[in-house]
Amino acid sequence: MTEMLTNWAGNVRFSARQARRPASVAELQRLVAASPRVRAIGTGHSFSPIADTPGALISVAGLPKIIEIDASRPGVTVSAGLTYGELAAELHKQGYALRNLASLPQISVAGACATATHGSGNLIGNLATAVNRIEMVTAQGDLLTLSRPDSAEEFGGAVVALGSLGIITSLGLDLVPAFDLRQYVYDDVPLDQAIASLDEIFAAAYSVSLFTDWRRPVIRQVWLKQLAGPRGDDRTAVRGRSDAGSGWHGGTPADGQRHPVPGLPPAATTAQLGARGPWHERLPHFRPGFTPSAGTELQSEYLLPRERSREALEALARIGDVVAAVLQICEIRTVAADELWLSPSYRRDTIGLHFTWVADARAVMEVLTLVERQLAPLRPRPHWGKLFAAGPDVLDRCYDRLPDFRRLMYRYDPSGKFRNDFIDSCLGTGPGR
Ligand SMILES: Cc1cc2nc3c(=O)[nH]c(=O)nc-3n(C[C@H](O)[C@H](O)[C@H](O)COP(=O)(O)OP(=O)(O)OC[C@H]3O[C@@H](n4cnc5c(N)ncnc54)[C@H](O)[C@@H]3O)c2cc1C
């Protein structure tokens, strides 16, 4: 076993017998074919034990690096182990962008897409919605390609697959022309005003995040990532700034750079105060080269139908003091609906309620069980890469296509080579349970 004994947060100790880093796709194929149990690992940023295996933990980060742009689509083929940080800088250099990014650039493309990792934006889907093609090594060691138009129905099940159909070697992603953003932060929007104007607030910019600690009835910070107008024509930015001027929904413009977690140094966060910058230096909250988020923490997230946002926030406010006791910060985001079976935004425009907890697993599990009970009538879908308590019955009720995915998984991997305890605890055992 190599250096990666735990996940990023240190709350999961991998039970894998060996860690492998093949240098070619052919070596990966031989390895998968010969191993009774395997699982891919990305950069290990998931808080759930989703990447664990009792067999061989395989990183694809050693495969030859690919970033091949096809200007005619436009699209890009990328090697699965690349991080978004590496990819985004290169895309930008060549005049292209991805529509959305997560809060941190350090995660791998394959690992992030496998769990439907997302940023925020009413009109933008999660990161996996950019995927138009995947190439993977299946349980038998074969190389299989699935693409959006050709594999139609099955493709919806295969992109957000939790690492359970095969080991992805490369992905095709949709691109858009590079764009610039300006990031503004507003402090202390009263919670009742935020709830009353939630649609307006989330529509105020390309990407919007709200941060609260549930200690006071206030949204501590609203982060607006606004599209900047063409260079030399900053009317969009000016209009944005005056719309969102002093007194905006009862909040005030931040007078300096902010970090979302109270007490942490703002040097780790991407430039705010309206400074124009490229998409990949504004969409993530955290800069490469710095610890993202708090560093010592656990995380959970529940994704709910956007039209139930008000009920969700009111339900949380009722248990705010219990939540606050183990919370560092709560982030509220939106994600556009998609067609990916295991995506928490499958066929529903979504509001995401994210919790950065203190690093006390026992205390956190107690509180998140309460959060799940409180939100249950709204059919919350937990983020697969974060901590949750829900078992297969609850997940079946929330994830409409879970039964279809289970059948797909058993068809691709009848012997359970890629399965682990986490997958069994979420999906149950057997194709029909
Ligand atoms: C500080 C921090 C901030 C975060 N912010 C966000 C955020 O803004 N939005 C959000 O949605 N999530 C966020 N997350 C969660 C994170 O994005 C997800 O857990 C994501 O899956 C991590 O990617 P990874 O490369 O580390 O994947 P891993 O955790 O290594 O693996 C995740 C899953 O992907 C599978 N996988 C990895 N590589 C492959 C492959 N080549 N082929 C097949 N399957 C593969 C694994 O088997 C596993 O099932 C955050 C996490 C941290 C630690």
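Start at 1 and go down the list; that is how both ligands and their atoms are numbered.
In this model, no donor atom of one side chain and acceptor atom of the other lie less than 3.5 Å apart for T356 and Q328.
Between the CZ atom in F202 and the OG atom in S120 there is a gap of 5.5 Å [rounded to 0.5 Å]. Summarising the geometry, atom CZ belonging to R30 is positioned 12.0 Å from atom OG belonging to S35; distances are rounded to the nearest 0.5 Å.
Residues meeting the side-chain hydrogen bond (donor to acceptor under 3.5 Å, both in side chains) test with Y410, sequence neighbours left out: R419.
Side-chain atoms of T350 never come within 3.5 Å of backbone atoms of G352 as a donor-acceptor pair (strictly under, hydrogens ignored).
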Which atom pairs, nitrogen or oxygen on both sides, join ligand 1 and the protein at under 3.5 angstrom?
residue: ligand 1; atom: 5 (N); partner: S103; partner atom: OG; Å: 3.0
residue: ligand 1; atom: 8 (O); partner: S103; partner atom: N; Å: 2.9
residue: ligand 1; atom: 8 (O); partner: S103; partner atom: OG; Å: 3.0
residue: ligand 1; atom: 8 (O); partner: R333; partner atom: NH1; Å: 2.9
residue: ligand 1; atom: 9 (N); partner: H118; partner atom: O; Å: 2.8
residue: ligand 1; atom: 11 (O); partner: H118; partner atom: N; Å: 2.8
residue: ligand 1; atom: 11 (O); partner: H383; partner atom: NE2; Å: 2.8
residue: ligand 1; atom: 12 (N); partner: H383; partner atom: NE2; Å: 3.2
residue: ligand 1; atom: 17 (O); partner: T117; partner atom: OG1; Å: 3.0
residue: ligand 1; atom: 19 (O); partner: S46; partner atom: OG; Å: 2.8
residue: ligand 1; atom: 21 (O); partner: S46; partner atom: OG; Å: 3.4
residue: ligand 1; atom: 21 (O); partner: G111; partner atom: O; Å: 2.9
residue: ligand 1; atom: 21 (O); partner: T115; partner atom: OG1; Å: 2.8
residue: ligand 1; atom: 25 (O); partner: T43; partner atom: N; Å: 3.0
residue: ligand 1; atom: 25 (O); partner: T43; partner atom: OG1; Å: 3.2
residue: ligand 1; atom: 25 (O); partner: S108; partner atom: N; Å: 3.1
residue: ligand 1; atom: 25 (O); partner: S108; partner atom: OG; Å: 2.7
residue: ligand 1; atom: 26 (O); partner: T43; partner atom: N; Å: 3.3
residue: ligand 1; atom: 26 (O); partner: T43; partner atom: OG1; Å: 2.8
residue: ligand 1; atom: 26 (O); partner: G44; partner atom: N; Å: 3.0
residue: ligand 1; atom: 26 (O); partner: H45; partner atom: N; Å: 2.7
residue: ligand 1; atom: 29 (O); partner: H45; partner atom: N; Å: 3.4
residue: ligand 1; atom: 29 (O); partner: S46; partner atom: N; Å: 3.0
residue: ligand 1; atom: 29 (O); partner: S46; partner atom: OG; Å: 2.7
residue: ligand 1; atom: 30 (O); partner: G42; partner atom: N; Å: 2.7
residue: ligand 1; atom: 30 (O); partner: T43; partner atom: N; Å: 3.4
residue: ligand 1; atom: 30 (O); partner: G44; partner atom: N; Å: 2.9
residue: ligand 1; atom: 41 (N); partner: I168; partner atom: O; Å: 3.0
residue: ligand 1; atom: 42 (N); partner: I168; partner atom: N; Å: 2.8
residue: ligand 1; atom: 47 (O); partner: A40; partner atom: O; Å: 2.6
residue: ligand 1; atom: 49 (O); partner: R39; partner atom: NH2; Å: 3.2
residue: ligand 1; atom: 49 (O); partner: L162; partner atom: O; Å: 3.0

Any chance you could lay out the side-chain hydrogen bond (donor to acceptor under 3.5 Å, both in side chains) test for N11 and N7, step after step, and finish with the verdict?
CA-CA 7 Å; N11 67 308; N7 62 345; 2.6 Å; yes
